[in-house]
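Since this is a predicted model, take the numbers as computed values, not measurements. Numbered from 1 within each chain, the chains take letters A, B, ... in sequence-line order. The analysis underlying the following values was restricted to heavy atoms, covering all of them including side chains, and did not include hydrogens, waters or symmetry mates.
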Amino acid sequence: MATNGSNRAVAAPQNDPNSFAASVKDAATAGFLVAVLGFFFIGIRTDIAPGGLDLKMRWGAWIVSILVVFVGRLLLNLFVLKTDSPITRKIAGAMPSGSRFAGTGKWLMRALFAFALVLPFFFTTFFPGKDRQFIDLAILIMTYIMLGWGLNIVVGLAGLLDLGYVAFYAVGAYSFALLAQYLDMGFWFALPLAGILAACWGIVLGFPVLRLRGDYLAIVTLAFGEIIRVVLLNWYEFTNGPDGISGIPKPTFFGLELKRGEGGFADFFGIAYDPIQRFIFLYYIIFILALITNFVTMRLRRLPIGRAWEALREDEIACRSLGINTRNTKLTAFSIGAMFGGFAGSFFATRQGFISPESFTFLESAIILAIVVLGGLGSQVGVVIASIVMIGGIEMLRNLGFLQQVFGSGFDPVQYRMLIFGLAMVLIMVWKPRGLISTREPSVVLKEKKRIGADMVAQGEGH
Amino acid sequence: MEYFVQQLINGLTLGSIYGLIAIGYTMVYGIIGMINFAHGDVFMIGAFIALAMFLILTTVLGFAFLPVVLLIVLIVAMIFTSAWGWTVERLAYRPLRGSFRLAPLITAIGMSIVLQNFVQITQGARVKPLPPQIQGGITLMEGSATGISVQLSYMQIIIILTTIALMAGFTLLITRTPLGRAQRACEQDRKMAALLGINVDRTISLTFVMGAALAAVAGLMFVLLYGVIDFYIGFLAGVKAFTAAVLGGIGSLPGAMLGGLLIGLIEVFWSGYFSVEYKDVAAFSILAIVLIFLPSGLLGQPEVEKV
């Protein structure tokens, strides 16, 4: 990479940069850097003690972290970075090449879809003890897939970086909760209203800001997201402030409540009541909502408006000179994305039964954005894979009991989840700036369909 | 009247802190055109380093003479925070130079999450209180009618004077030294600067280092002024400082300082006269309004889009 050029030039030219000594030196530098950076954080801990703050020295942890980085960097240097035959190249050679992988991608998608279709019954049959936990996790993942697909319209297709997507999620959730509280409305009536309200908010917020350039737009959407959260937090009379809204009604199955006893779903169909039925039902609701999101997105991509989005992402100036109304084009992407966020929000409200502004912090926006980015901007399958890996992987952290035996009982893997999230975001951006699934199917083709490689497309602002 | 003057002083103090952070945003934006979203968290890192160093000096080594202690804390915090600033740039932004425009912003968000959670894990999530170290002050006005007297505390004097001194030194650095010249050259045309023998990567790294050092100063001031820090202070302070940078005109150093002071004043007056709960909304709204109606800020130059 050209940017590393100056660095290499600094290393004395008569020495072989790939020599063992150079690798050790480089690793020692990394170790020293960790020693400096970690001194005040890993080496020392300030704690609240009676009569002020107390310092606790943790030299063991400090030295271990230095050694870990030194050894890790050394191994990386010896086998990947500073060698003539990097191991990664061998692994890449053993993997199926891109074109072969393309075919499997389609099959993978079908297999995933088939699995998602029968998922609740798969778990109730094969994991009867833990089915509730697994289906709950599947609902969570599906919610993030839907949010990811919704945000993908804005970020992946139209190329507008939206850091306040959670605002629309919050609008959807609060719309349903408030409609249920004040007007006694059920889930199925409130759902479309919540989506429409979120879309309206998208238009209201989007209209003034969408002419801003990429990174300014990102910051303004972040600001709007925070404004909505702070208002929800402080408008005590209307939203109940930090206490949140509880007792949000559950969805009904064509008017049948999923409850025990007379008049319930189980009673009507003459089957035995089981609390798991409610989870299965919720799973299918979010599954269908997510499918609608995906279907609409795929269809819209083929319409002129969808093509305009993608053109806008690639080069805004060219679009404007071709007579595309960029503001309206952006606004449709923004509000359609917001609408799906609103749907997902009201599903979230009905699933939890309780919402408070705490669920709609910037971190949530960052997680959804991470899913879209890591999966590959604009890729629908990528969002699915990233959601499964990120959300499912983080839930798996809870079950890693053996780590506690290694690091002591005070070790809680769950607190590392956001750290891992952030690191994954940085590393994947550096390693593959287009995300994991970086090839694109063109939506319009002349004669034959060619895949567009990641290196062929540059995103945003005509760069 | 007394209340107003008191709020004015408080606002200027707070504004100095925002201004120091805002310089980091504005310099980085000027030179590589990206929003260093993790800068607020570098400020938070600086505050934690300052707190830990202060405790080492006072409780472990037993220094008691406060001015010397504060000076050592200041220098150590600046050095160590600079190391953090340098590392963030090296790991997350340099490999992405020349990538598509939003890529560095996304890694910056990732980096911000990493820093926050790193500090949360290593230092714990609870707030760290530090009892006020510099007490006393000057009474400027005795309000006989209202019963409110205007206090200018020594702490506020120190903050404002330090900020002025740093700004003066900093302006000299940018306008008079070879490094400053290199920075201004990179700001105008990076490719041309490289052709003329400027080490562009090094200049950019030094920009991050300088921004981080100023953020460390702001961090120390924050610890001393508020006496409470936690791992999350970087987010809000960062957004407000960015607002300050945008309000002053991003890329302009005096603009960043002016914007910082204005944001500090607006926040303090808003909480003083309207409502404390919505003070963050005020800052966010200003950000949106300025970006929409005055994207080049008060002192910035309008940006020309090149095709």
Side-chain angles (χ1 to χ4, degrees), chain A residues 1-4 6-7 33 36-37 39-42 44-48 52-55 159 161 163 208-209 212-216 218-220 222-224 226-227 230-231 233-234 317 362-363 366 369-370 373 415-416 418-419 421-426 429-430 433 458-463, chain B residues 34-35 48-49 51-53 55-56 59-60 80 83-84 87 91-92 94-103 105-107 109-114 116-124 126 128-131 199-202 235 239 242 277-278 280-281 284-285 287-288 291-292 295 305 307:
Chain A
M1 208 180 280
T3 47
N4 284 338
S6 60
N7 242 27
L33 196 61
V36 172
L37 298 184
F39 180 76
F40 281 105
F41 292 93
I42 302 170
I44 292 173
R45 184 183 168 123
T46 50
D47 267 316
I48 300 167
L53 285 167
D54 193 24
L55 280 178
L161 189 56
L163 293 181
V209 303
L212 293 174
R213 268 209 349 252
D215 37 8
Y216 278 179
I219 294 291
V220 174
L222 169 90
F224 278 146
E226 285 296 300
I227 289 174
V230 175
V231 169
L233 198 61
N234 288 311
I317 296 166
F362 167 67
L363 214 57
L369 179 71
V373 167
Q415 62 173 335
Y416 289 83
M418 283 317 293
L419 190 69
F421 238 125
L423 276 177
M425 235 165 133
V426 174
M429 252 336 196
V430 170
Q459 180 152 12
E461 313 298 331
H463 282 251
Chain B
M34 68 165 277
I35 298 169
F48 269 89
I49 292 176
L51 179 70
M53 193 62 209
L55 289 175
I56 290 176
T59 62
V60 181
F80 278 76
W84 277 96
T87 312
L91 289 183
R94 192 182 291 184
L96 284 172
R97 224 160 277 157
S99 189
F100 67 101
R101 182 163 194 143
L102 295 180
L105 187 57
I106 292 166
T107 48
I109 294 166
M111 215 59 216
S112 160
I113 296 173
V114 168
Q116 271 178 25
N117 285 275
F118 174 74
V119 173
Q120 187 189 3
I121 290 165
T122 57
Q123 297 294 317
R126 293 174 65 187
K128 315 269 178 217
L130 183 74
N199 189 338
V200 174
D201 278 339
R202 196 171 143 264
F235 177 72
V239 173
F242 179 74
E277 290 85 25
Y278 286 103
D280 297 339
V281 171
F284 290 127
S285 314
L287 176 61
L291 278 178
I292 293 163
E305 212 170 334
V307 185

message = With a 4.5 angstrom heavy-atom cut-off, is it the side chain or the backbone of A/L161 that approaches chain B, or both, or neither?
response = both
task = Pick one of side chain, backbone, both or neither for B/P131, based on which atoms fall under 4.5 Å of a heavy atom in chain A.
result = neither
inquiry  = Could you walk me through whether A/V373 and A/M429 satisfy the side chain to side chain contact (heavy atoms under 4.5 Å, CB included) test, starting with their C-alpha distance in whole Å, then the side-chain angles of each, then the deciding distance to 0.1 Å, before giving a yes or no?
reply    = CA-CA 8 Å; A/V373 167; A/M429 252 336 196; 3.8 Å; yes
remark   = When rounded to the nearest 0.5 Å, the distance separating CD of A/E226 from CG of B/L287 is 11.5 Å
ask   = Contact part of B/L105 toward chain A, heavy-atom cut-off under 4.5 Å: side chain, backbone, both or neither?
value = side chain
message = Which atoms of B/I56 are under 4.5 Å from chain A, going by heavy atoms: the side chain, the backbone, both sets, or neither?
response = both
request  = Name the region of A/L419, side chain, backbone, both or neither, that has any atom closer than 4.5 Å to a heavy atom of chain B.
outcome  = both
note = Counting heavy-atom pairs under 4.5 angstrom with chain A, the leader among B/V60, B/L51, B/T87 is B/T87
inquiry  = So, taking the atom named CG in B/L55 and the one named CG in A/L55, what distance separates them when rounded to the nearest 0.5 Å?
reply    = 4.5 Å
Salt-bridge criterion met for B/R97 and B/D201 (N-O under 4.0 Å) = yes
message = Nearest 0.5 angstrom please: B/Q116 CD to A/M418 CE, how far?
response = 8.5 Å
inquiry  = Counting only non-hydrogen atoms closer than 4.5 Å, does A/F39 touch chain B with its backbone (N, CA, C, O), its side chain (CB onward), both, or neither?
reply    = side chain
Among B/V239, B/D280, B/V119, B/V114, residue most engaged with chain A (heavy-atom pairs, under 4.5 Å) = B/V114
query = Looking at CZ of B/F118 and CD1 of A/I42, how far apart are the two atoms once the value is rounded to the nearest 0.5 Å?
reply = 4.0 Å
task = With a 4.5 angstrom heavy-atom cut-off, could you sort out which part of A/I219 is near chain B: side chain, backbone, both or neither?
result = both
task = Name the option with the most non-hydrogen atom pairs under 4.5 Å to chain B; the candidates are A/V220, A/L222, A/I227.
result = A/I227
ask   = Given that the side chain runs from C-beta out, which part of B/V200 has a heavy atom under 4.5 Å from chain A: side chain, backbone, both or neither?
value = neither
ask   = Just by modelled atom types, is the A/D47 backbone N or O under 3.5 Å from a matching donor or acceptor in the B/K128 side chain?
value = no
request  = Check each atom of B/S112 against the heavy atoms of chain A and say whether the ones under 4.5 Å are side chain, backbone, both or neither.
outcome  = neither
ask   = So A/F40 and B/F80, would you call those rings parallel, tilted or perpendicular, with 30° and 60° as cut-offs?
value = perpendicular
task = Determine whether the aromatic ring centres of B/F48 and B/W84 lie less than 6.0 Å apart.
result = no
key: Choice from B/L130, B/V281, B/N117, B/T107 maximising heavy atom contacts with chain A below 4.5 Å   = B/N117
